[in-house]
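Working notes for the structure below.
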Amino acid sequence: MENRKIVFFDGVCNLCTGSVQWILKRNKKKDLYFSQIGSETYILIQKEIPNQFPEVDSILFYNGSVVLVESDAILSLAKSLDFPYTIICYFVIVPKFIRDFIYRWIAKHRYRWFGKSEFCLLPNQETNSRFLP
């Protein structure tokens with residue numbers, strides 16, 4: 001798993017699974033992989049670097065060496081998106097406490113605003129290789 005960029009997401013959250021679909025379309029380099037929080041891959045990496053996995057249930061980003069959470073995760077994974085979406089990473093100039101406050105506020109309300117799905121996201125044949133067990 002070293003050097004793989006992996007987006008861990010909440011598999012029942014419609015906002016999270018919708019975000020994964022959005023990211024897939026805007027990552028032409030195909031260097032991002034995806035796995036659900038709690039999956040085999042998640043547990044494997046959690047064992048490799050146990051002190052870096054906070055109790056987060058929305059999106060985490062493993063960049064091949066560290067696990068990023070909240071706004072840091074979003075800004076870091078934006079670097080792997082196609083232009084103009086890479087511009088998102090420039091929001092790093094906004095103080096972290098403000099970015100994380102906004103992230104947590106959205107995460108707190110995501111089920112109410114976007115709902116939950118009883119079904120897991122199933123990748124299509126084209127994207128199947130980018131989803132890890």
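Counted within 6.0 Å of NZ on K25, heavy atoms from surrounding residues, nucleotides or ligands total 12 or fewer; the atom is thus considered open. Residue W113 qualifies as enclosed at atom CH2: its count of foreign heavy atoms under 6.0 Å is above 12.
Counted by atom type alone, N27 and S80 present zero donor-acceptor pairs between their side chains at under 3.5 Å.
The distance from atom CD of Q36 to atom OG1 of T41, rounded to the nearest 0.5 Å, is 10.5 Å. The line from CZ of F34 to NZ of K5 is 11.0 Å long, rounded to the nearest 0.5 Å. Here the CZ-NZ distance, from F83 to K28, works out to 15.0 Å after rounding to the nearest 0.5 Å. To the nearest 0.5 angstrom, I37 atom CD1 is 11.5 Å from I43 atom CD1. For the atom pair L81 CG and L32 CG, the distance stands at 6.5 Å (nearest 0.5 Å).
Of the possible polar contacts, none joining the S71 side chain to the Y103 backbone as a donor-acceptor pair under 3.5 Å is found. Judged by distance alone, with hydrogens and angles left aside, the side-chain atoms of S76 form no donor-acceptor pair with the main-chain N or O of A73 at under 3.5 Å. For K96 (side chain) and I93 (main-chain N/O), no donor-acceptor pair under 3.5 Å exists by modelled atom type.
Counting heavy atoms from C-beta on, the side chains of F61 and F9 never come closer than 4.5 Å. Using a 4.5 Å heavy-atom threshold, the side chains of F131 and Y33 count as separate. Taking 4.5 Å as the limit, some side-chain heavy atom of R110 sits within range of a side-chain heavy atom of C16. In this structure, the side chains of L15 and I106 come closer than 4.5 Å at one or more pairs of heavy atoms. A 4.5 Å side-chain heavy-atom check between L24 and R130 finds at least one atom pair inside the cut-off. Using a 4.5 Å cut-off on side-chain heavy atoms (C-beta onward), L132 and E40 make no contact. With contacts defined as side-chain heavy-atom distances shorter than 4.5 Å, the pair Y62/V7 does not qualify. C13 has its side chain out of reach of F114: every pair of non-hydrogen atoms, C-beta onward, lies at least 4.5 Å apart.
A pairwise comparison of heavy atoms in C89 and L75 identifies CB-O, 3.4 Å as the closest pair. Across all their heavy atoms, S35 and P133 have their closest contact at OG-O, 3.5 Å.
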Hey, mind stepping through D10 and Y111 against side chain to side chain contact (heavy atoms under 4.5 Å, CB included) and telling me if it holds? CA-CA 11 Å; D10 175 354; Y111 293 139; 2.3 Å; yes

List the steps, then state whether side chain to side chain contact (heavy atoms under 4.5 Å, CB included) holds for I59 with F8. CA-CA 6 Å; I59 288 184; F8 292 105; over 6 Å; no

Can L68 and L60 be said to form a side chain to side chain contact (heavy atoms under 4.5 Å, CB included), step by step? CA-CA 6 Å; L68 300 166; L60 297 110; over 6 Å; no

Run the side chain to side chain contact (heavy atoms under 4.5 Å, CB included) check on V69 and D72 step by step: do they pass? CA-CA 6 Å; V69 297; D72 288 339; over 6 Å; no

Is there a salt bridge (Lys or Arg N to Asp or Glu O under 4.0 Å) between R26 and D82 once you walk through the steps? CA-CA 5 Å; R26 287 149 185 89; D82 305 326; over 6 Å; no

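Taking the charged nitrogens against the carboxylate oxygens, E70 and R104 do have a contact shorter than 4.0 Å, which makes a salt bridge.
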